[in-house]
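Everything on this sheet refers to the single structure shown next.
All values below come from the heavy atoms of this structure, side chains included, with hydrogens, waters and symmetry mates left out.
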Amino acid sequence: MSNTTQTINEQDQKSVTNKRYLPLLLLNYGFLFIGSLSSSLLSKYYFNHKGSSRWVSTWVQSAGFPLLIIPIVVPYCLFKSTQRRPFTGFTPKILALSIFIGFMLGVNNLLFSWGNSYLPVSTSSLLLSSQLVFNLILSVIIVKQKITFMNLNCVILLTLSSVLLALESSNDQPHGVTKTKYFIGYLATIGAGLLFALYLPIMEMVYKKVYCYAMVMEMQMVMEVAATVLASIGMVFDDGFTEMKREGYQVFDKGEKVYWATVVSNVVSWQLCFMGTAGMVFLTCSLTGGICMTALLMMNVVGGVVVYKEEFGGVKVVSTVMCGWGFCSYVYGMYVKNKMMKDRDDDDGGGHDSDDKNVGSCNPIEMTQIVNSSSSPLHHSGV
């Protein structure tokens, strides 16, 4: 390897000691925060005002993939900050994995839409936190995630919050929704959580061969295209595109303009959510991404109560507090470990320990290279 390439590798390596790591991490968490909260509320807004097509709700979750052209093309064409041409680093294996994950994401989107059509936002959000226990188990199996007190404590607290909610679910059944439909929505939401838990460690496994943030967005775009193809097939068989026009003109009780504004806003918010999710997994690990996603569900609970005046009784209060407690304990554990790593790096005179430090960053300005897996494997670590 040439000195120039080695220098670029050192700059772009996903290390918590990289000065660009924290800004990029915060940017992606901001995308995740805005996207998660707004997409959840907008999806429920669609169903609350007589939108009824679950395929439409599924389609909008991935149809915004053209927006990903911005972080992919702009650094190369406008800012000239990279010499790597977009979409030039795909191997047949990575392309095939991206398409497979995209189809899996499409099924997950459908399950989410099914659950969201029958359950209150707050209930759906708390149920989705159950994905963490599946996430931990699958992360241990797929990417050899280490189980520590901090991550196990967080998973237990967030999972117990879902169990508490399940025990009191009969008091949270929306008006007009039968017990059968409520049960279907409950199972669909749990299924979406399980599939999302599988989606995260698989993404981490693929991202281990990448340290270029631009390529992460390229892979995300391929996944979204695959998910959109699946949703479009469902839309065609269910006459969903015609249904969208009919809903806008005749059914949606807020009028045609508000309907299309809701659809477009949903498209944008879901892309922000998925961009943030991909970035968090790439910069940290699948378990951290899942924990951050689950912690934001607490905000969705509050949003459902504030915006839609949903019931917020004692069980939801306890569940929300447990979510916040678990997340805060995990973040504190991350802070302590990162501080210890930086202190050790200072004691070693700035040396790098590939087993502990390669947990999360690329240079957002020099988005240039892709690591050859045979010469520079990346290792993620969890708290």
Does one side chain, of Ser39 or Ser269, offer a donor that lies under 3.5 Å from an acceptor on the other? no

Determine yes or no for a side-chain-to-main-chain donor-acceptor pair under 3.5 angstrom, with Glu224 supplying the side chain and Gly64 the backbone. no

What's the verdict on side chain to side chain contact (heavy atoms under 4.5 Å, CB included) for Phe87 and Met215, showing C-alpha distance, side-chain angles and the deciding distance? CA-CA 7 Å; Phe87 298 100; Met215 187 173 177; over 6 Å; no

Measure across Met203 and Ala278 and return the closest heavy-atom pair with its distance rounded to 0.1 Å. CE-CA, 4.3 Å

Using side-chain heavy atoms (C-beta onward) and a distance below 4.5 Å, is Met235 in contact with Met244? yes

Is there a side-chain contact between Tyr45 and Lys254 in this structure, where contact means two heavy atoms from C-beta onward sitting under 4.5 Å apart? yes

Nearest-0.5 Å distance, CD of residue Glu218 to CE of residue Met223: 11.5 Å

Rounded to the nearest 0.5 Å, what's the gap from CD1 on Ile137 to CD1 on Ile142? Could you check? 11.5 Å

First locate atom CG of Leu272, then atom CG of Leu67, and finally report the distance between them rounded to the nearest 0.5 Å. 8.0 Å

ILVMFWY clustering at 4.5 Å (side-chain atoms), partners of Phe183: Leu187

Do Thr228 and Trp59 have a side chain donor and acceptor closer than 3.5 Å? no

Under the rule for side-chain hydrogen bond (donor to acceptor under 3.5 Å, both in side chains), what residues qualify as partners of Thr91, not counting sequence neighbours? none

Could you list the donor-acceptor pairs under 3.5 angstrom formed between side-chain atoms of residues 93-109 and any protein atom two or more places apart in sequence or on another chain?
residue: Ser98; atom: OG; partner: Ile94; partner atom: O; Å: 2.9
residue: Asn109; atom: ND2; partner: Leu105; partner atom: O; Å: 3.4

Those residues that, when tested against Ser43, pass side-chain contact (heavy atoms from CB on, under 4.5 Å) (two or more places apart): Phe112, Asn116, Asn266, Trp270

Would Glu204 and Ser139 count as having a side-chain donor-acceptor pair, cut-off 3.5 Å? no

ring-ring contact (aromatic ring centres under 6.0 Å, His included) involving Tyr46 - partner list, sequence neighbours excluded: none

Using 0.5 Å steps for rounding, measure from the CD1 atom of Ile34 to the SG atom of Cys273. 11.5 Å

Where is the tightest heavy-atom contact between Gly115 and Thr189, given as atom of each residue plus distance? CA-OG1, 3.5 Å

Taking all non-hydrogen atoms of both residues into account, name the closest pair between Met275 and Asn28 and its distance. O-OD1, 3.5 Å

What I'd like to find out is whether the side chain of Tyr207 reaches to under 4.5 Å of the side chain of Met219, using heavy atoms alone. yes

Is the shortest heavy-atom distance from the side chain of Leu200 to the side chain of Thr277 under 4.5 Å? yes

Drop me the distance from Thr242's OG1 to Glu247's CD, to the nearest 0.5 angstrom. 11.5 Å

Does Phe274 form a side chain to side chain contact (heavy atoms under 4.5 Å, CB included) with Leu32? I'd like the steps, not just the answer. CA-CA 7 Å; Phe274 286 128; Leu32 181 59; over 6 Å; no

Dump the intermediate steps for side chain to side chain contact (heavy atoms under 4.5 Å, CB included) on Arg54 and Tyr118, then the final yes or no. CA-CA 11 Å; Arg54 293 171 189 86; Tyr118 291 141; 2.8 Å; yes

I need the minimum non-hydrogen distance between Glu243 and Ser52, along with the two atoms involved. OE2-OG, 4.0 Å

Under the 3.5 angstrom rule, does the side chain of Gln61 hit a backbone N or O of Ser57 as a donor-acceptor pair? yes

Taking a hydrophobic cluster as the set of Ile, Leu, Val, Met, Phe, Trp and Tyr residues connected by side-chain heavy atoms closer than 4.5 Å, whether directly or through intermediates, do Val251 and Trp55 fall within one such cluster? no

For a 4.5 angstrom cut-off between non-hydrogen side-chain atoms, does Ser117 reach Lys181? no

Apply side chain to side chain contact (heavy atoms under 4.5 Å, CB included) to Trp114 and Leu119, showing your working. CA-CA 9 Å; Trp114 205 275; Leu119 300 180; over 6 Å; no

Same cluster for Tyr249 and Phe252 if Ile/Leu/Val/Met/Phe/Trp/Tyr side chains link at under 4.5 Å? no

At what distance, to the nearest 0.5 angstrom, does OH of Tyr29 lie from CE of Met280? 7.0 Å

Work out which heavy atom in Thr58 is nearest to a heavy atom in Ala231; give both atom names and the distance. CG2-CB, 4.2 Å

If hydrophobic residues (ILVMFWY) are linked whenever their side-chain heavy atoms come closer than 4.5 Å, directly or via other members, who joins Leu42 in its cluster? none

